[in-house]
Amino acid sequence: MPDTRPIREDLQATLDARRDLGPDYETALLESFAARLDAVIAARVQAGLHGHDPAPRRRKGGGSGMVPLALGSLALGIPLTAVASVNAGRLGLMITWLAIVAVNVAAAAAIIRRD
């Protein structure tokens, strides 16, 4: 398993090295960072497939994930309503809001299953 240093430290080190070495080494530095990032992602995917997470997440209170989803749905629903009603009339408006409701229901079900 690759080194568990946070990827942010690697990014900062890459940026610092780029600043010190100049633009001649930019490609090599970026390729090195991309390889490190690929390794971290692969390790996290493997850990997820084997049922353990290398970086445990904090559990929030039940249903707290719904607040951003609800606010985001309302914020996106306003312009989507305008676009759908102008371009497709009532049918477009109904389809848009049915899609928003379906996404919210699916997300709520996923959050409930996770908790």
Side-chain angles (χ1 to χ4, degrees):
M1 183 156 186
D3 187 24
T4 58
R5 284 184 302 153
I7 199 69
R8 289 179 189 224
E9 290 178 13
D10 284 346
L11 177 59
Q12 187 60 51
T14 301
L15 292 173
D16 292 342
R18 178 5 181 126
R19 195 175 310 117
D20 293 341
L21 298 173
D24 296 337
Y25 292 93
E26 186 170 303
T27 303
L29 290 169
L30 288 176
E31 287 175 359
S32 173
F33 178 74
R36 169 75 178 131
L37 186 59
D38 284 343
V40 169
I41 290 170
R44 288 183 181 174
V45 167
Q46 285 299 320
L49 291 175
H50 290 84
H52 54 79
D53 194 359
R57 290 175 259 155
R58 293 186 317 186
R59 284 285 190 173
K60 295 182 178 179
S64 64
M66 287 301 298
V67 173
L69 179 67
L71 293 175
S73 293
L74 289 174
L76 289 174
I78 293 169
L80 288 175
T81 297
V83 170
S85 62
V86 167
N87 292 326
R90 287 184 188 220
L91 179 62
L93 182 65
M94 289 175 56
I95 291 171
T96 299
W97 278 99
L98 285 174
I100 290 171
V101 168
V103 167
N104 279 292
V105 168
I111 289 171
I112 289 171
R113 270 183 296 197
R114 184 181 66 204
D115 290 340

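Just the heavy atoms: all of them, side chains too, but no hydrogens, waters or symmetry mates, feed the values below.
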Quiz item: Roughly how far, to the nearest 0.5 Å, is CG of Leu76 from CG of Leu71?
Solution: 11.0 Å

Quiz prompt | Interatomic spacing from CD1 in Ile111 to CG in Asn104 - rounded to 0.5 Å | solution = 9.5 Å

Quiz item: If you take all heavy atoms of Gly77 and Ile100, which pair is closest and at what distance?
Solution: CA-CD1, 3.8 Å

Quiz item: Hey, what do you get for CG (Leu21) to CG (Asp16), rounding to the nearest 0.5 Å?
Solution: 10.5 Å

For residues 84-91, please give each side-chain donor-acceptor pair under 3.5 Å, one per line with the distance, not counting sequence neighbours.
| from | atom 1 | to | atom 2 | distance (Å) |
| --- | --- | --- | --- | --- |
| Ser85 | OG | Thr81 | O | 2.8 |
| Ser85 | OG | Ala82 | O | 3.2 |
| Asn87 | ND2 | Val83 | O | 3.3 |

Quiz item: Are Leu11 and Leu37 connected, step by step, through hydrophobic side chains (Ile, Leu, Val, Met, Phe, Trp, Tyr) whose heavy atoms are closer than 4.5 Å?
Solution: yes

Quiz item: Which distance, rounded to the nearest 0.5 Å, do you find between the CZ of Phe33 and the CG of Leu15?
Solution: 8.0 Å

Exercise. State, to 0.1 Å, how close Ala107 and Leu69 come at their nearest heavy-atom pair, and which atoms those are.
Key: CB-CD2, 3.1 Å

Quiz item: For the atom pair CD (Glu9) and OG1 (Thr14), what is the distance rounded to the nearest 0.5 Å?
Solution: 11.5 Å

